[in-house]
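Residue indices begin at 1 and follow the sequence shown. Nothing here was measured: the structure is a model prediction, and the numbers come from that model. Both ligands and their constituent atoms are indexed starting at 1 by order of listing. What you see below is based on every heavy atom in this structure, not just the backbone, and it leaves out hydrogens, waters and symmetry mates.
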Amino acid sequence: MAASNGDPGTKVICPQGFRFGATAAGIRESGAPGRRDLAAVVSEVPCAAAGVFTVNRMRAAPVEYAAGRLPAMGIRAIVANSGNANAITGPRGAVDERAVAAAAAAALKLAPDEVLTASTGAIGSPLPVERMRAAMPALASSLATEPLPAAEAIRTTDLRTKMAARTIELDGKPVQIVAICKGSGMIHPEMATMLCFIATDASVSPGVLQATLIGAVEDSFNAITVDGDMSTNDCVIALANGRSGARPIEGSGAELERFAAALRGICLDLARAIAADGEGASKLLVVDVEGTRDHALARDLARAVAGGSLVKSGIFGGDPSWGRILAALGARIGARDLDLDLSRLTLDIQGVRVYENGGPVAFDREGLSELMLTSEIAVRLDLQGGADKARALGCDLTYDYVKINAEYYSSPKGAAARPAIDREAVVETLSYIQRFAGKRAVIKYGGAAMIDPALKRSFAQEVVLLQSAGLRPIVVHGGGPEITRTLERLGQKTEFADGQRVTGAEDVRVVEMVLTGKVNTEIVGLLNTVGGRAIGLSGKDGRLLMAHKLAPEPGKPDLGFVGEIEAVSSDVIDMVLDRGYIPVISPVGMGKDGVSYNINADVAAAEIAVATGASRLIFLTDVAGILDKDGKLITSLKGADLESGLGGAIRGGMHVKAQAVMSALAGGVQAVHVVDGRAPYSIVAELFTDRGVGTLVT
Ligand code: ADP
Ligand code: MG
């Protein structure tokens, strides 16, 4: 089963005999105190270890050490820190690296040569070894089967935490592979690095693991370019401890292939996540070069195109600048003095042919521009001169890239470095604040924003900011993946019909337990830790959501204990709002006889918006907004347009949402927004700017 972070189905099973840990060692000179910056991956038995490392000649001390050791047998732990790269620190770099390994070994009761280290962060200043040594006991006692804290601790400028996992069957036994990763691009050598640590309970020799890892890295991490610069600290290290009990994987055969495919899949998931999370990036850029006689050549050309600054800024602007793409290709071919026939070259952007047989072809520029208003851009070049092809993953170049990197070590100095203030934008924001003062807004919270730790935090900050801007937020949440996971753990299967969950009599108890007991209290806790004042409510509190069983529609499946709202009693919400609190509502309905019903969160949010007189309803979901049948974002539309289902474009979970949007509008809600919960701060970007970022329905 595939899983990566951000996928609501994420299910990371810790490989047998591995533990992950994280703690705060105060490695950064400045920055948030208490932020975790030291991580560990530890095996209870010696592992086969393999690694792939940067070829940068100025590589960091931990990379030098690990590259000199691997592949090898007998590694038990990797200890990694963020905040300091231990790179270009002179001869003391190597001494400090072993001092950290020794300190970790002492706390973990291992020998120092069983410990590898890795570092990422600022370059050129010595590691704060004493602070790290002092944190080792806490690191050792934090060890647990959950890899997430370790994945968080190795982040630097990453906006998202990156993990991937696979379960495969080898020798009739389940074998787990889990990877944690950080990387926000290969930016300027000082400023970014990718680290990836893979732990598996497969049994495999160091040599076979090394060969498999090289293959997996080749078309994944080695295909990423954010600006083409190579870091001093890049490393991918794999540990295999054999605790699954499956017999050792041979150097060839079906078992090796299955293992290699899983490893490749993990690396590819993470490579895409790194490219999409490139510093300041707003779009993933996928460049395919086809029709060459040589794979390495295709990859080099793809990377050259994906790395072109003008190409990248054009992609940011949504500009189908085919000339820049071809110029970047031509420049690389010329610089390498390659003798290639370009007379049959074709170029497609987002599937639209813009260049063919050595010349431009007419295309709908506006239409293509609109197709580029999405989070992933596909560029395909075909030289039609062979059967080989390769892909490079990159990202766009945005204003924010410069901002992040200009301010990495210190605030920009001097007038030239100081970005101009967009005075109109400030006025625009303030005028929205004035317009929203005292108004109520219902926010349906769901999807990736409920799973990814960074997105969870930015969501909470955003809601608290909305409140301080005078708006009165009401949060209604779903419970999706958590409910499915708990039902699975209890051995109950979840059925879906038309994007809605089928809820059995047993299930409804679990639903209530998870929604109200777990998800709700977690959201309240999060809002309150970022300075908000939130109160959790279930639909049963104060008879907030009175419901009865939803009668199945003719020809449609019976959804079981799914309720239909009869009445919303807004008293309790009014009370909470009037006292200055943020109500956080779990969509559990109460039947007359006290029976609980599972209420679809989209429907609950819409009804609550109507009953409380909210002027806005916002759906946070895992798509850019409402998409048309070509998958293109619709930036605004009228409620009536949804009635027709947009010519078949509305399907699955969006169907329920569209119904909810229409009933909210019919009930007097002024405007409904559908925004992308996969990117941070989408709600404020949508509400407080003229252009918005998602779909506005009025
Ligand atoms: P949520 O957790 O936000 O309720 P759902 O999965 O229930 O998410 O509903 C949103 C999903 O609906 C989207 O992720 C997408 O896969 C699907 N969908 C179907 N049609 C459309 C459409 N026209 N526009 C956007 N999303 C759509
Ligand atoms: Mg849904």
Side-chain angles (χ1 to χ4, degrees), residues 4-10 370-371 373-376 442-452 455-456 459 475-485 494-503 511 514-515 519-520 523 550 559 562-563 565 585-588 598-609 617-664 672-679 682-683 686 692-697:
S4 62
N5 202 44
D7 167 4
T10 300
E370 281 193 30
L371 283 180
L373 294 173
T374 169
S375 56
E376 185 169 330
V442 173
I443 302 166
K444 186 319 190 79
Y445 180 41
M450 283 180 78
I451 302 161
D452 183 286
L455 293 174
K456 272 160 79 169
F459 168 79
V475 177
V476 178
H477 62 85
E482 191 71 51
I483 291 175
T484 313
R485 216 175 298 163
T494 308
E495 282 175 62
F496 282 90
D498 253 9
Q500 297 210 57
R501 181 188 307 282
V502 178
T503 310
V511 168
V514 173
L515 272 179
V519 179
N520 189 275
I523 300 169
L550 177 73
L559 297 175
V562 169
I565 298 176
I585 302 166
S586 79
V588 173
N598 182 14
I599 312 267
N600 178 282
D602 294 335
V603 175
E607 302 244 355
I608 290 169
L617 169 62
I618 299 133
F619 290 101
L620 206 56
T621 182
D622 285 353
V623 265
I626 299 179
L627 311 176
D628 69 13
K629 59 182 190 316
D630 300 321
K632 215 167 67 185
L633 175 68
I634 304 173
T635 54
S636 71
L637 78 169
K638 292 280 168 203
D641 300 338
L642 284 173
E643 232 147 286
S644 62
L646 299 174
I650 304 279
R651 294 178 311 268
M654 192 48 72
H655 186 72
V656 189
K657 239 180 274 294
Q659 299 291 329
V661 171
M662 287 187 288
S663 71
V672 184
H673 305 262
V674 180
V675 300
D676 195 342
R678 297 165 306 176
S682 288
I683 302 175
E686 169 73 13
V693 294
T695 302
L696 167 67
V697 194

Closer than 4.0 Å to some heavy atom of [X] - which atoms of ligand 1 meet that?
X: Leu627; result: 22 (C), 23 (N), 24 (N), 25 (C)
X: Lys657; result: 1 (P), 3 (O), 4 (O), 8 (O), 9 (O), 10 (C)
X: Ile626; result: 24 (N)
X: Val623; result: 13 (C), 14 (O), 25 (C), 26 (N)
X: Gly625; result: 24 (N), 25 (C)
X: Ala649; result: 20 (N), 21 (C), 22 (C), 23 (N)
X: Thr621; result: 1 (P), 3 (O), 8 (O), 10 (C)

**Asked** Below 4.0 Å from any atom of ligand 1, is there a heavy atom belonging to Gly653?
**Response**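 Distance cut 4.0 Å: Gly653 passes for ligand 1.
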**Asked** For ligand 1, is there an atom lying under 4.0 Å from some heavy atom of Lys444?
**Response**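 It does, in that a heavy atom of Lys444 comes within the 4.0 Å cut-off of ligand 1.
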**Asked** Which heavy atom of Ser682 sits nearest a heavy atom of Ala679, and at what distance?
**Response**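 Heavy atoms only, the tightest pair is OG-O, 3.3 Å.
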**Message:** So which atom in Ala664 and which in Ala606 form the shortest heavy-atom distance, rounded to 0.1 Å?
**Reply:**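 For Ala664 and Ala606, the tightest heavy-atom pair comes out as CB-CB, 4.1 Å.
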**Message:** If the condition is salt bridge (charged side-chain N to carboxylate O under 4.0 Å, His left out), which residues does Glu643 pass it with, not counting sequence neighbours?
**Reply:**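 Scan of Glu643 (salt bridge (charged side-chain N to carboxylate O under 4.0 Å, His left out), adjacent residues dropped) gives none.
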**Asked** Would you say the side chains of Ser586 and Asn520 form a donor-acceptor pair under 3.5 Å?
**Response**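 Note: Ser586 and Asn520 side chains miss the donor-acceptor criterion.
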**Prompt:** Between atom CD1 of Ile585 and atom CD1 of Ile599, what is the distance when rounded to the nearest 0.5 Å?
**Reply:**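 Atom-to-atom, Ile585:CD1 and Ile599:CD1 are 12.0 Å apart.
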**Prompt:** Can you tell me how far the CD atom of Glu686 sits from the CG atom of Leu696, to the nearest 0.5 Å?
**Reply:**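 The distance works out to 6.0 Å.
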**Prompt:** Has ligand 1 got any nitrogen or oxygen that is less than 3.5 angstrom from a nitrogen or oxygen of Gly446?
**Reply:**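 For ligand 1, there is no N or O atom that lies under 3.5 Å from one belonging to Gly446.
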**Prompt:** Could you walk me through whether Leu646 and Leu637 pass the side-chain contact (heavy atoms from CB on, under 4.5 Å) check?
**Reply:** CA-CA 10 Å; Leu646 299 174; Leu637 78 169; 3.9 Å; yes
